Amino acid sequence: TYPWGLGSDGGAEGATMHARRNDGQRMSFESVIRKLGHMNRRIDILKIDCQGCEYAAMPPLFALIASGKIKVDQVLIELHHTKVGRRLRGDFGRTLQRFFAAADTAKLRITHKERNQWGCDGYRCVEYALVSESFLREANGAVMCGTEAVVALSNK
């Protein structure tokens, strides 16, 4: 393991939704990917549950995906509503809009979502599965055409 937290480079993103301090070095996905030597590699599944850092960490990753610098087939992420109250409005509503607009630009599509009822007061966390359009085409082609047909098409 590495003693890094996700967020912005050198950032000190505040407390988690559970009022725990986020201590330690914060780094962007791009910095983590570079340090680990994963730039220009394909990530099959990226699972993230960072207790609130997702709003700082993910839009820049989505921009990397949109630019083609990194390829991610599936993103499994828990989004945390850190404000008290059930309504998604004001600053938090705009934060969610920016988050999903960035995911859309990266051609990531929501294929599943469900509320986390075990924690987060039963409503403040939602699990999302985002899948890239290219992976969806590949997977759907394999199911509809059979693996042999997809291999034959890709060899042409």
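All figures in this text were calculated on a predicted structure; none of them were measured in a lab.
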Can you find a pair of side-chain heavy atoms, one from [X] and one from [Y], that are under 4.5 Å apart?
X      : Y      : result
Val131 : Arg109 : no
Thr111 : Leu136 : yes
Phe62  : Thr105 : no
Phe100 : Tyr128 : yes
His112 : Glu127 : no

Heavy atoms only: give me the nearest [X]-[Y] pair and the separation to one decimal.
X      : Y      : result
Ser132 : Val72  : CB-O, 3.6 Å
Pro59  : Glu54  : CD-O, 3.7 Å
Ala57  : Leu6   : CB-CB, 4.0 Å
Asp9   : Ser31  : OD1-OG, 2.8 Å
Ala66  : Ala106 : CB-CA, 3.9 Å

- prompt: Who pairs with Asp44 by side chain to side chain contact (heavy atoms under 4.5 Å, CB included), at least two apart in sequence or on another chain?
  reply: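 If we apply the side chain to side chain contact (heavy atoms under 4.5 Å, CB included) test to Asp44, skipping adjacent residues, the hits are Arg42, Asp73.
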Hey, what do you get for [atom1] ([X]) to [atom2] ([Y]), rounding to the nearest 0.5 Å?
X      : Y      : atom1 : atom2 : answer
Glu133 : Asp104 : CD    : CG    : 8.0 Å
Leu76  : Asp49  : CG    : CG    : 11.0 Å
Ile43  : Ile70  : CD1   : CD1   : 3.5 Å
Leu46  : Ile65  : CG    : CD1   : 7.5 Å
Glu78  : Ile48  : CD    : CD1   : 11.5 Å
Met58  : Leu130 : CE    : CG    : 7.5 Å

query: With no hydrogens and no angle check, is any side-chain donor or acceptor of Tyr55 less than 3.5 Å from a backbone partner on His80?
result: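 Pair found, side chain donor or acceptor close to backbone of His80.
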field: Hydrophobic cluster membership, Ile45 vs Leu108, 4.5 Å side-chain cutoff
entry: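 Each belongs to a different hydrophobic cluster.
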message: Quick check: is Phe135 connected to Leu64 through a chain of hydrophobic side chains (ILVMFWY, heavy atoms under 4.5 Å apart)?
response: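 No.
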Evaluation steps, side chain to side chain contact (heavy atoms under 4.5 Å, CB included), between Lys69 and Ile33: CA-CA 11 Å; Lys69 291 181 181 174; Ile33 289 165; over 6 Å; no
message: Under the rule for ring pair (Phe, Tyr, Trp, His ring centres under 6.0 Å), what residues qualify as partners of Phe29, not counting sequence neighbours?
response: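 Scan of Phe29 (ring pair (Phe, Tyr, Trp, His ring centres under 6.0 Å), adjacent residues dropped) gives none.
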task: Using side chain to side chain donor-acceptor pair (under 3.5 Å) as the criterion, list what pairs up with Lys107, not counting sequence neighbours.
output: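 Applying side chain to side chain donor-acceptor pair (under 3.5 Å) to Lys107 gives none.
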